[in-house]
Each structure stands twice: as C-alpha cells, then as structure tokens.
Amino acid sequence: MNASRSAGLRLTARSWVCYAGAATLIAAGVAARDPVPLFGAVPLLLAPIAALLAAPAGSEPLRISWRDSGEAGAVTIEGTIAVPPGLHPRELEVSLPCPPELRELAPFRCTPESGSMGFRAEWMAPAPALLSIELPRVEWRDAVGLAGRPLGVEGSPLTIERYPPEVGRLGGLRLQRTIALPGESRSRTLGEAGEFYGVRAARAEDPWRGTNWRAWARTGARYVNEFSLERTGDVLLYLDARPSSLGRQIDRELFGVSRATAIGIADAFLREKMRVGLAVFGEFVQTVPLGAGRSHRSRLRDALIAARVADTAAPAERGAVGLRRTITPGTTTILVSPLADESASQLIVHLRRRGYPTIVLSPSPIPAQLAIAPPLSEDRAVVTRIVRLYRRQQVARAWSEAPVIDWNEYWSLAGFTAFLHHGMYARRHT
Amino acid sequence: MSPSRDRVRLAWARAGWWGFAAATAVMVAFALLSRAPGPEVGLVVAAVAAATALAIRIVPERLDSALVLLPLVPAWGYLGLAAPITLLTEILAALAALSALVWVADASSPTRASGLRRAGDVLALPAVGAAIALVAGLLIPPGELRIGVAALLLVAALALVAVVLARLQPAREAPASSL
C-alpha cells in the first residue's frame, strides 16, 4: 500500500494549545517591548511542525487478533495488534470505547511489546447482552502528541454473548411434534447426523468425510452415507420489538435482554439438531426461516444483533398474519415480550388463533423501572408493592391465553427451564 | 488489584514526574532572577503555576496533558517580564518552553505508554530553532528592523507549512493492475 506520507495526518488539539501559548507570549513580549518571552514562544511554534515531520510513511493495515472471555456478566477483552516494520508500538494510541450496554470495570489498558501492541478491556454486563464490538481505533501519535494519523485495522468485529447459564438445560426438551397435515408425520429427516439410514450416489457438493469407501470400491462409483435423525419439533423464537408505554430507554434495555436470551435458547436447541426460526416484530415482522446447523446460528445471531426496537407500534394482528408466510403453523413459539401493554396480550391471541402454540417468556420491567426512577426511601416499599401488583395483573391477563413465565432475575432462567421440563406445558403435550 | 488502587496508580503515572521536575526547576531559576518586586513573588508565581499544572495532570482523568500550558504560559510571561534582559534569561525562557514540552511528552496513560524516551525526534527542531534565535539575538546588532520582519515571515511560513501538511488529503491510488 503506497499511501502518501501525509495521508490522514493532522495536528491534534495539543498543537493548537501550543500555538495559543506562543501567541500569548509573543503578545506579552511585543506589548512590553521585552524579547525574553519571545524566546519562550519559539519552541512552542516549532514543536508542531517537528511533530508533522516525524510522521512515518503510510503503512499497511494493522492486523488484530482478539477474543473475549469471562463468566456470567464479566466481559474481558484481550487482543494483540501486530505492528508492521516502520512503526513502533509505543507510537500507537489505541482506543476501544465501552458500549452503553456494558459498564467499565477497569480503565482500558495497552501494553507495548516487541512488534505488537497488547490491549485489555474489563467490562461488566449488568444484564444478559448480545452485541457486536467494532474494531478498536488505532492512531499513530508522535512522542509529544502534537500530530496524529489514523491507521487502518484489519480483523473481524467481536461478538459478545452473555446469557443465563440455565439455557443449556433446554436442549433435552421433547418439543411438540410438527405435523404438516393430519396423519402425516415429517419428523424424520436425512442429513449428516443421527442413525445410519443408507447410501446414495454422491453429488459434487457432498463432502469427502461422508464417503462410503467400501461401496465405492465395490461399485466403482462414489457413494455417500445418509443418516436419519428423529426430530421432535421446531422452535420459533418470537421477539416483540414494538415500542411500549414503558418508554424508550426501558424498551431498549428489555429488548437487549430478550435478544441475548434468544441467542442462548437458539444455541441450546441447535445443539440438539432441532430447527430454530426467528421472528422480530417491530413495525413489520422480520423472520429468519426455520433452519439448523452452525451457519444458521450465525444467521440468527446476525439478525438479532441488527434487531432494534421499532419507532412505530404496529397492530398486534400484523405480527401473526405476516408470520405464516415463512413459518409453518404448529411450530412451538417462544414469545419474548415484557407484556407492558394490552397490545402484547392481543399478540398472544392472534398467534394462537393462527396455529402457533405459544409460551411467553416475559422479562419484567420492574428492575429497570426502579433503577431509572428510584422512589423515595419512605415510599419505596409501597411503590414497589404497587408496581408488582400491577405487573402480576398484566401477567395474569396474559395467562388466560398462554402460559407465561414472569422473568424477574435476568441472570437466571431456572423458572423457564423448569416450566418447560416439568410444568404445565410438558404435561399438556405428553 | 482493586479498581481504586489501580486508578491511584494510573494518576501517579499520569503526573509525569520527570517533566514536572524539569519545568519546576527552570521556573525556579527564572524566578530567582526576577527584579522588582523581588524573587519572592517570582517564586510564589512559579510555585502556584507548577502546582496548578500538576493538579491538571493528576486530578481529572480525561483532561489533555497539554493543558499544563494554561497555568505555565502566564507564569513565564510574568517571570520573563520581571527578569532583566540578559542572555541567561533568554536561555531560561527557551528552556522553560522546552521543559513544558518534555512534560507534555511524559504522559503515561492506560492507552499509551510514555513518549518521554522518544521525544527527542520532536524536541530537536524546537531546540535548534531556539538556539538559532539566541545566537541571532546575540550576534545581530539591535535596531535591524528588516531582520525582525524576515524572522516573522519565516515563522509565519513555517506555521503555514504545518497547517497545509495537516490538511492534506490522501492521494487517490491507482487501481492495481491485474497483469
């Protein structure tokens, strides 16, 4: 890459502070007809020019390798930026701003090493979170910090996934069987996993791993193995992304929790080779059709990261009507909605009417409400009780249409998993 | 390590003690040369400026280290005007500015290591410029207005070069050939 020497080069705010200081000294010297302050101004005038001249020639994009670690809500990001010849790690200024969904536990730290720059950020997720962290910004700076130049960084954004650990227990669940027509069962599918079913002539796109070498030796043509997998059912994760009366901030927080939990639930079912679909209902329904496999997980994750709370609330019926174009009725539907308004309960009615057996996982808005507008200490108990009673009434209203799990503690889905394994839903369908 | 202890350690590193020592030493020497109302006032001015600059460096976490110039420049102005016009005070004025730049370079932060050791590349030109100015002030007879105007034009031209260099956009590169 032949970038010119001056590409992106700029004077920083420090240079203008130097020039302002020099101007003050010159003014003082001229006003008092005294040359002494002028000699103080000379280095301040020349330093920014020297900084620009010290800039290195353009370099190739810096390669970054980074990962995240940490249990529960802890998010520790560590990485290394490879520094090409011609640049020194100490000349790099790296910045990685903490996303608003997370909290900074310790200041962002960089460690210059030989030929690379290590960095480490320690954040904390107060609630389940799913977000994509953009690449860090890297800038060349001279020693005094008077001039700078942004440098390109090559790498992939980092995805942070933090969801309740109980989600892992969902995998063994026997879902309601998906039946396309009465009397016809299509639960058995052929693929690369399950029990051996037979062999067939290989196609060009078949991987070599599945080749049946003995059949090839006997027949002279390449054959591959086929496996049959008993699939008990499909899952649709349905996120209500309509704005509610709770306000934009609480809506965003609860939707962030819903997104993170949705990818956790999807992960658990996909590990068991089940098909998982996704629907996000904002102003319109956006769906990811049912699918399985690792690439489908990436598809779901990308769709969830891109999903946002809509600006306009749509009528509840639209959320069920639009769904039938891509998702087969009869698919077990997990609706994640805070049930803040009457419209959310209506959505359950419309989903059930159109043939989607629905379970509602409802993140409670109470923790966010009390955090945003904390009541006075003497009123706290009364206010909390009233808010809880109102919430209980909303949940009870929704219960008349579908089973609802009131989700108060965001880092635990024990109630949800216990309900699916042993609760009313399990008894009803077994 | 606890976050609070970590923050204290970082604040300590932010202070840039070598730069602080250099800037304070030069100002104290400057103050000792002050005439009326006396070196005591000069010392007080130097101490207040140095303490304020140190507080600017340590206390706020995200304030730029170059802001140490805010208290230092008025102090230099006062000390420069209070000192007699001699070669020594002119040298001290130039050294004061250079020591402040050293202090700005000595800015260890969590995102960037201190640039003190490699500050020589940037500080060489200002030092040479100050030396040339001192020699010129010593050798050129007083009353030569034309030389003063020429020097002013030179400084203005240098500043213009800096601004032009800073605003240059990257050149559009030719597409790579497939051959």
Side-chain angles (χ1 to χ4, degrees), chain A residues 1-4 6-11 13-15 17-22 24-25 28-29 32 34-54 58 88-95 105-112 119 141-147, chain B residues 3 6-7 10 61 64-67 69-70 72-74 76-77 80-81 83 85 89-91 93-94 96-98 100-101 104-105 107 110-127 129-130 133-134 137 155 158-159 161-163 165-171 173:
Chain A
M1 183 177 160
N2 282 323
S4 75
S6 57
L9 199 59
R10 64 179 181 84
L11 290 177
R14 287 184 181 187
S15 293
V17 173
C18 283
Y19 281 139
T24 308
L25 290 173
D34 188 334
V36 176
L38 298 181
F39 286 95
V42 171
L44 297 181
L45 283 173
L46 293 177
I49 299 163
L52 289 174
L53 293 173
H88 195 280
R90 287 186 182 277
E91 296 173 333
L92 302 184
E93 175 108 14
V94 184
S95 60
L105 284 183
F108 181 64
R109 188 180 295 278
C110 290
T111 318
F119 62 88
R141 283 283 179 94
D142 70 288
V144 190
L146 299 173
Chain B
D6 210 12
R7 286 181 198 285
L10 289 170
E61 281 187 21
D64 197 291
S65 65
L67 294 179
L69 291 175
L70 291 181
L72 293 184
V73 166
W76 298 338
L81 296 177
I85 305 173
T89 52
E90 288 168 352
I91 291 173
L98 286 171
L101 289 173
V104 172
T111 59
R112 185 164 173 265
S114 167
L116 190 58
R117 287 184 184 173
R118 46 188 191 89
D121 294 348
V122 179
L123 295 183
L125 181 64
L134 285 165
V155 169
L158 285 173
V161 167
V163 171
L165 277 178
R167 292 193 173 182
L168 271 180
Q169 295 300 313
E173 290 180 22

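Just so it is clear, the values below take in all heavy atoms, side chains as well, and ignore hydrogens, waters and symmetry mates.
- The choice from B:Leu67, B:Ile85, B:Thr89, B:Leu70 that makes the most heavy-atom pairs within less than 4.5 Å of chain A is B:Ile85.
- In this structure, B:Leu101 and A:Cys18 approach most closely via the heavy-atom pair CD2-SG, 4.0 Å.
- Annotation for B:Ala93 and A:Val36: closest pair CB-O, 3.3 Å, computed over non-hydrogen atoms.
- Of all heavy-atom pairs between B:Leu81 and A:Ala32, the closest is CD2-CB, 3.4 Å.
- With chain B as partner, the option from A:Pro37, A:Gly40, A:Ala13 having the largest number of non-hydrogen pairs under 4.5 angstrom is A:Gly40.
- Closest of all the heavy-atom pairs between B:Gly80 and A:Asp34 is O-OD2, 3.4 Å.
- Top candidate by heavy-atom pairs under 4.5 Å with chain B, chosen from A:Ala28, A:Ala47, A:Ala22, is A:Ala47.
- Closest heavy-atom contact between A:Ala50 and B:Val122: CB-O, 3.2 Å.
- Using a 4.5 Å heavy-atom threshold, the side chains of B:Leu123 and A:Pro43 count as separate.
- Residues B:Pro126 and A:Val42 are not in side-chain contact: their nearest non-hydrogen atoms beyond the backbone lie 4.5 Å or more apart.
- In plain terms, the two heavy atoms of A:Leu44 and B:Ala97 that are nearest each other are CG-CB, 4.2 Å.
- Applying the side-chain contact (heavy atoms from CB on, under 4.5 Å) criterion to B:Ala94, with sequence neighbours excluded, gives B:Ala130.
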